[in-house]
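Each remark here refers to the structure printed beneath this line.
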Amino acid sequence: LDFRIQSVTENGYATVLVYKDARVDMERLDNVIGALNWKREHTRDNQNCIVSIWDEEKKQWVSKEDTGTESNTEKEKGLASDSFKRACFNWGIGRELYAYPRINLNLFPEEFVSSNGKAKVTWKLKIKEWVWKSEFNDGVIISLVAIDNNKKERFNWSLSGGYKFISNKVEPQNEPSQPAPPP
């Protein structure tokens, strides 16, 4: 899974999306089914994708199909990728994404800029370098914690305890205490 910024507010709150790309689906199919035991076919100019898995017991391919939507950058490639991801979703790959909590972050001032009523992140927000720790119980996410590249906890949620607010305030560094002068 991957995490990316969806939106940023003028006062420095970011909404993060959890997503998967087609490579995740291919790797999952290879690891679980075996690289030679599944196939994908595209129809209707890549609008539809059929993902088939070989059923050894029945000696036949079992298929699931879905339709995709074009992307804003690479129309045809995005359409093929989206229809493939949706067909894989029909096989159960990625369904857990819908159980993830809403991820909102309180950004540090250097991590975003605001201009003309629009806010965006700066290069100093390196979410791709963050460590995301999750726990699951019977396939359901029960906790999610994000640690940034400076080893600071930035997001903390659990199914039992809800959200823990994480401030973007920098804590002052305490001066080392001086030993008391000798008597």
Side-chain angles (χ1 to χ4, degrees), residues 1-28 31 68-86 88-89 92-181:
L1 298 178
D2 247 326
F3 299 83
R4 69 174 169 86
I5 301 296
Q6 177 189 27
S7 61
V8 180
T9 65
E10 282 191 85
N11 57 353
Y13 286 92
T15 300
V16 177
L17 286 180
V18 184
Y19 72 99
K20 65 179 178 74
D21 62 23
R23 288 180 294 276
V24 168
D25 295 336
M26 289 183 262
E27 187 173 319
R28 183 76 182 266
N31 290 338
T69 57
E70 296 175 350
S71 71
N72 293 329
T73 52
E74 298 178 76
K75 256 172 62 168
E76 291 80 15
K77 182 180 174 211
L79 182 59
S81 178
D82 191 54
S83 62
F84 174 65
K85 289 186 295 185
R86 288 173 183 248
C88 288
F89 182 81
I93 301 172
R95 286 185 190 160
E96 69 277 5
L97 292 174
Y98 291 98
Y100 269 72
R102 181 178 182 97
I103 303 172
N104 290 316
L105 303 173
N106 191 359
L107 300 178
F108 289 107
E110 67 274 8
E111 293 176 329
F112 74 100
V113 293
S114 187
S115 176
N116 297 329
K118 300 230 180 218
K120 63 181 181 178
V121 297
T122 68
W123 63 272
K124 291 185 179 183
L125 180 63
K126 299 179 180 178
I127 198 167
K128 295 283 186 191
E129 296 177 11
W130 291 15
V131 174
W132 294 83
K133 298 178 182 180
S134 52
E135 290 182 56
F136 293 85
N137 186 2
D138 291 329
V140 176
I141 188 164
I142 59 170
S143 73
L144 181 65
V145 175
I147 311 291
D148 71 15
N149 48 318
N150 293 316
K151 307 216 182 326
K152 180 170 174 37
E153 186 176 288
R154 300 293 294 274
F155 180 81
N156 187 318
W157 170 88
S158 69
L159 189 60
S160 60
Y163 294 93
K164 174 183 165 190
F165 179 74
I166 311 254
S167 172
N168 66 357
K169 303 289 184 240
V170 178
E171 287 122 30
Q173 299 295 319
N174 292 334
E175 294 290 323
S177 58
Q178 299 294 321

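Note that CZ of Phe112 is 12.0 Å distant from CD1 of Ile5, once rounded to the nearest 0.5 Å. Atom CZ of Phe89 and atom NZ of Lys20 lie 8.0 Å apart (nearest 0.5 Å). Annotation: the span from Leu144 atom CG to Leu159 atom CG amounts to 12.0 Å, rounded to 0.5 Å. Of the inter-residue distances, the one linking Ile166 atom CD1 with Glu153 atom CD reads 4.0 Å to the nearest 0.5 angstrom. If you take CG on Asp21 and CG on Asp25, they are separated by 8.0 Å, rounding to the nearest 0.5 Å.
The ring pair (Phe, Tyr, Trp, His ring centres under 6.0 Å) search around Tyr100 returns none, not counting sequence neighbours. Taking the salt bridge (Lys or Arg N to Asp or Glu O under 4.0 Å) definition, one finds that Arg28 meets it with nothing, sequence neighbours left out.
Taking the six-membered ring where the residue is Trp, Tyr163 and Trp157 present tilted rings, their angle falling between 30° and 60°. In this structure, Trp132 and Phe155 have tilted ring planes: the angle between them lies in the 30° to 60° band.
Annotation: salt bridge (charged side-chain N to carboxylate O under 4.0 Å, His left out) contacts involving residues 112-131, sequence neighbours excluded, comprise Asp2-Lys128.
Of all heavy-atom pairs between Lys85 and Ala22, the closest is CD-N, 3.8 Å.
In terms of modelled atom types and a separation under 3.5 Å, the side chain of Asp148 and the main chain of Asn150 share a donor-acceptor contact. Of the possible donor and acceptor atoms, one in the side chain of Thr122 sits under 3.5 Å from a partner among the backbone N and O of Glu110.
The shortest distance between side-chain heavy atoms of Glu111 and Val8 does not fall below 4.5 Å. Between Thr15 and Tyr13 there is no side-chain heavy-atom pair separated by less than 4.5 Å.
Between Arg154 and the options Val16, Ile103, Ile127, Leu107, a side-chain contact (heavy atoms from CB on, under 4.5 Å) holds for only Leu107.
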